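In what follows, a structure is listed as structure tokens, so that the remarks can point back to it.
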Protein chains: 2
Amino acid sequence: MARGVGRDHEGKRTAIRKGAAGYFAQHGFDRASMAGAAKACGVSKALVYHYYDSKEALLFDIVNAHLTELVDVVEAAENDGVRGLIGAILLAYADADAEHKLQLDALGVLDDDMRAPLVALQRRLVVILSTALADVAPDLDKQRLHATTMSVFGILNWYYMWHRPNKGLSRAEYSELAADFVLGGLRAL
Amino acid sequence: MARGVGRDHEGKRTAIRKGAAGYFAQHGFDRASMAGAAKACGVSKALVYHYYDSKEALLFDIVNAHLTELVDVVEAAENDGVRGLIGAILLAYADADAEHKLQLDALGVLDDDMRAPLVALQRRLVVILSTALADVAPDLDKQRLHATTMSVFGILNWYYMWHRPNKGLSRAEYSELAADFVLGGLRAL
DNA sequence: CACAAAACCGACCGTTCGGTCAAGAGTATT
DNA sequence: AATACTCTTGACCGAACGGTCGGTTTTGTG
């Protein structure tokens, strides 16, 4: 009888995921075409549909894989305090700018079934960072803690919007500056 | 002989701009269709093309009008310090969330000719805020000042992403919290 | 080797979208 | 009243896109 999946099925899937992530992030998910994504990966469009059911399924897999790894890293730094968490988020995924950008697109494009698990992963990040912030500023009420947490995420997420590789501060330098800034800000609340 | 523009040309143009801004922001510029935008404004698609040359021209006008007003408000608060500027940005355009969101889309969608003047307006905001920050933290070198400025914009711009009207802190309360946070952060740099 | 399923592709299809057009209705000027 | 221009519309068009299909090649298994 027959055969299972091919030799390197998961590897090729990952290659498509990575290639498509760069292409999607560069052009924006909506403007990016599946034909273009396939060409960026060096394969035919039909092959992409062999590995993925739809354009949205591909986007989901990209962001889901990224967020899952990010949660792992952040959970590993859970006890390293605010500075450790900021460093983990900014440094650990230095090569995942594309995936990080797409994360923002995804929430506005995916339907609820696919968005929900991504939001759940994001919420885990929020809870971890929020807890670390509360340790430093234990007097904050719930609403203010939440607003502060989202402000910190604003700083971190915005980084991918304005930072240009090999220009200005290095990632490590910015990580220290951001941590100083956040910790100083917490003291003032 | 003939006649000039109609009685309320500019008013109707503004109505289309406002209506389309809401529709575009809700669905995302790329996914939003001109037919849908026209319906949201209660007019035909052909009429929108009577007032605007293209979908991009409409987006440009929306964002350009918004940024122009924002620059006016911020310049008026130029001498009110960091707290005044943060308050101006967050409060003055409480009803322009849609336009503010579109501002982000626009940079990735418009071609250079149209993007350039918008970037120029944004740069004026950056310079004003950057100057105010430098007053509070005069020892920051240029690179760190720029990174800090963008971090503050991250806080402010992110607000439109997570804030839900009539939930959590009011805009005014958050404005104070954000100012406290930023000023505290500056002291720590 | 035989053979069935996976891997892969070029061509194609239905739909949607940005944009155009021809024509009618309304209105300020002469 | 005549005119010339704006305002407004429904119908239409070509292009691009997401997705499918029929078929060929490759590869693991018995």
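Letters A, B, ... are given to chains in the order of the sequence lines, protein chains preceding strands, and every chain is numbered from 1. Since this is a predicted model, take the numbers as computed values, not measurements.
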Do the side chains of A/Asp97 and A/Arg171 get close enough for a salt bridge, i.e. N-O under 4.0 angstrom?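 Judged by the 4.0 Å cut-off on N to carboxylate O distance, A/Asp97 and A/Arg171 do form a salt bridge.
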Under 4.5 Å between any side-chain heavy atoms of A/Glu99 and A/Arg17, yes or no?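 A side-chain contact is absent here, since even the closest heavy-atom pair is not under 4.5 Å.
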Starting at [atom1] of [X] and ending at [atom2] of [N], how long is that distance when rounded to a whole Å?
X: B/Tyr49; N: D/dC13; atom1: OH; atom2: P; answer: 18 Å
X: B/Lys39; N: D/dG10; atom1: NZ; atom2: P; answer: 11 Å
X: A/Asp8; N: D/dT27; atom1: CG; atom2: P; answer: 13 Å
X: B/Phe60; N: C/dG18; atom1: CZ; atom2: C1'; answer: 20 Å
X: A/Phe29; N: D/dG18; atom1: CZ; atom2: C1'; answer: 10 Å
X: B/Met34; N: D/dT9; atom1: CE; atom2: P; answer: 14 Å
X: A/His9; N: C/dA6; atom1: NE2; atom2: P; answer: 10 Å
X: B/Asp30; N: C/dC17; atom1: CG; atom2: C1'; answer: 12 Å

What class does the angle between the rings of A/Trp162 and A/Tyr174 fall in, given that below 30° is parallel, 30 to 60° is tilted and above 60° is perpendicular?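 Ring orientation of A/Trp162 relative to A/Tyr174: perpendicular.
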Got a second to check how far A/Glu10's CD is from A/Thr14's OG1, nearest 0.5 Å? 5.5 Å
Picking from A/Val63, A/Asp105, A/Asp30, A/Leu58, what satisfies side chain to side chain contact (heavy atoms under 4.5 Å, CB included) with A/Phe24?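 Going through A/Val63, A/Asp105, A/Asp30, A/Leu58 one by one, the side chain to side chain contact (heavy atoms under 4.5 Å, CB included) with A/Phe24 is satisfied by A/Leu58 alone.
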Side chain of [X] only, please: which of [options] is the nearest?
X: B/His50; options: D/dG19, D/dT8, C/dT20; result: D/dT8
X: A/Leu47; options: D/dG19, C/dG18, C/dA7; result: C/dA7
X: B/Ser33; options: D/dG19, C/dG18, C/dC8; result: C/dG18
X: B/Val43; options: D/dT9, C/dA7, C/dG18; result: D/dT9

Is it the case that the base of C/dG10 and the side chain of A/Lys45 share a donor-acceptor contact (distance under 3.5 Å, atom types as modelled)? no
Using OP1 and OP2 only, check whether a side-chain N or O of A/Tyr51 sits under 4.0 Å from C/dC8.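 It does, given that an N or O in the side chain of A/Tyr51 lies less than 4.0 Å from OP1 or OP2 of C/dC8.
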Between A/Ala32 and A/Ala46, who's closer to the 5' end of DNA chain D by nearest nucleotide? A/Ala32
